[in-house]
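Beneath this line is the structure, given in structure tokens, with notes to follow.
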There are 2 protein chains.
Amino acid sequence: MSRFQKKTPVWEGISRALTADIAEGRYTPGDKLPTEAELSARFGVNRHTVRHALKDMAETGLVHARRGSGVYVAQRPTDYPIGKRVRFHRNLQQAGRLPAKETLSIETRAADQREAEALHLNKGDPVHVYEGLSLADGQPIVMFRSAFPAERYPDLLEHLTFSKSVTAALKACGVEDYTRASTRLTAKRATTTQALHLRIREGDPILRSVGINVDANRVPTEYGVSWFAGDRVTLTLSDPE
Amino acid sequence: MSRFQKKTPVWEGISRALTADIAEGRYTPGDKLPTEAELSARFGVNRHTVRHALKDMAETGLVHARRGSGVYVAQRPTDYPIGKRVRFHRNLQQAGRLPAKETLSIETRAADQREAEALHLNKGDPVHVYEGLSLADGQPIVMFRSAFPAERYPDLLEHLTFSKSVTAALKACGVEDYTRASTRLTAKRATTTQALHLRIREGDPILRSVGINVDANRVPTEYGVSWFAGDRVTLTLSDPE
DNA sequence: GTGTATTTGTTCGTATGTATT
DNA sequence: TAATACATACGAACAAATACA
């Protein structure tokens with residue numbers, strides 16, 4: 001019977017061994033695997049054979065390599081629910097991940113055409129513009145730029161500077177609740193600045209979301225554009241019940 | 001820094017810039033682009049370089065040139081509403097565009113892990129798989145692959161071959177209505193085959209949507225993956241009321 | 001910033017075993 | 001049997017991105 005047995009390739013055994021290591025928690029997401037040189041020594045094979053195994057694992061999305069740096073256990077893509085209410089921190093905390101926010105810039109300036117249209121303003125009316133970066137477990141997930149009508153929320157910027165939370169800042173300005181009125185999604189290439197902030201490569205795919213939030217009276221509160229790192233996030237539209 | 005700069009051809013940058021202009025609505029369908037002379041002045045390059053970019057865009061169908069007249073935008077990016085019900089033909093017809101569908105392949109095969117999970121089957125159970133291409137005004141918009149439980153809808157393939165309409169084929173199998181239970185979105189790069197079918201360039205950004213449809217009893221009817229050409233489509237999530 | 005070592009990515013070449021024609 | 005194609009495995013060298021003193 002043994003003559004009918006398939007002998008499994010060496011690289012496949014290595015792939016399984018490393019996959020088991022990850023599955024059993026000896027390497028956790030974000031960890032760097034040993035270098036190809038170390039692995040080829042450990043398994044007693046040529047570096048190409050290790051590379052074959054790693055390539056196989058990369059194709060299934062289990063690991064990803066960074067040239068000059070190493071091979072890393074992939075983070076599972078962050079599930080980012082979008083629906084009637086979009087709340088970054090709560091979303092991530094419920095997923096058991098550590099949310100963080102970095103402020104890139106805060107300013108008040110004249111609204112451009114799109115902003116004015118979305119917020120029911122006239123072009124040139126003042127808007128507060130809040131640019132920042134949201135992270136999960138220290139990894140940049142999404143870059144955003146939100147515009148708020150300045151005359152309606154005069155002291156929003158102070159609150160934003162203090163709390164970094166849009167929900168809290170709006171609440172301080174008298175907006176008890178807000179919901180997503182419309183969302184438009186498309187796939188783009190990362191520009192140089194986006195790539196820099198999201199720590200991806202220029203030209204990498206990003207998911208651009210353009211959304212309008214409204215308050216309980218359906219008055220627009222926020223016009224926001226978000227750029228999600230394509231391979232780090234999956235937007236989920238859950239069943240509207 | 002500059003010595004690490006990418007060596008992408010100048011014409012490609014121009015092509016991307018103009019494509020972005022169109023995608024973002026600065027030129028709308030039927031609009032005449034600036035003359036080649038004006039464009040070469042604006043980008044500071046020779047007219048031949050602009051021609052190269054325009055030729056590239058014409059090949060993807062985004063613009064078309066008329067000798068002695070000018071270069072015109074062939075079409076606007078398609079607004080594609082997704083929500084509780086996703087109906088390709090109806091969506092496009094309401095947008096005043098001409099929908100079409102091309103069948104790439106139809107087969108029955110064993111379900112893989114994901115398909116089985118989504119459709120509440122066991123891995124290896126038979127599924128009908130329908131691959132195709134949807135077009136608007138002759139332009140490929142989205143490539144899709146849908147899997148249906150074969151044992152639940154034995155003669156679905158016949159109806160699909162005949163009508164090309166998923167809604168009609170399911171109706172013929174006794175499914176009066178179906179709704180979208182979940183949708184997952186992410187941005188990816190186009191593979192070679194995707195680029196070929198969607199008539200874009202390899203590596204161009206695409207928006208991948210993974211969805212599960214269920215019937216009135218919330219039994220899964222369809223597990224579908226769609227790849228939208230990023231430049232040609234904007235997904236719109238309308239306010240769930 | 002600069003230079004150097006490290007690490008992955010790519011491309012040559014060599015050899016062997018297996019399956020197909 | 002011979003010719004061919006393909007997958008596997010090893011070796012060497014260099015390119016490109018990164019990390020670090």
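Just so we're on the same page: letters track the sequence lines, and every chain starts at 1. Only a predicted model underlies this, so the values are computations on that prediction, with no experimental measurement involved.
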Item to check | Inter-residue atom distance Lys101(A).NZ - Ile141(A).CD1, 0.5 Å rounding | outcome: 13.5 Å

Tell me the interatomic distance from [X], atom [atom1], to [N], atom [atom2], rounded to whole angstroms.
X	N	atom1	atom2	value
Glu12(A)	dT8(D)	CD	P	8 Å
Glu36(A)	dC10(D)	CD	C1'	15 Å
Leu33(A)	dT8(C)	CG	C1'	13 Å
Lys55(A)	dG9(C)	NZ	P	11 Å

Item to check | His48(B) atom NE2, neighbour heavy-atom count above 12 within 6.0 Å | outcome: no

Item to check | Arg66(A) to Tyr72(A), cation-pi by 6.0 Å centre distance and 45° axis angle | outcome: yes

Next on the checklist: Please list, in numerical order, the residues of residues 39-52 of chain A that have a heavy atom closer than 4.0 Å to any atom of DNA chain C.
Outcome noted: Arg47(A), His48(A), Arg51(A)

Item to check | Ring centers of Phe144(A), Tyr130(A) separated by less than 6.0 Å | outcome: yes

Checklist entry - What orientation do Tyr80(A) and Phe228(A) show, parallel under 30°, tilted 30 to 60°, or perpendicular over 60°? => result perpendicular

Item to check | side-chain hydrogen bond (donor to acceptor under 3.5 Å, both in side chains) against Ser165(A), all qualifying residues, sequence neighbours excluded | outcome: none

Checklist entry - Any donor and acceptor pair, going by atom type alone, linking the side chain of His159(B) with main-chain N or O of Asp155(B) inside 3.5 Å? => result yes

Just the table, please: protein N/O against nucleotides 19-21 of chain D N/O, every pair under 3.5 Å.
residue	atom	partner	partner atom	Å
dA19(D)	OP1	Arg66(A)	NH2	3.2

Checklist entry - Mind checking whether Arg189(A) and Asp204(A) have side chains closer than 4.5 Å, heavy atoms only? => result no

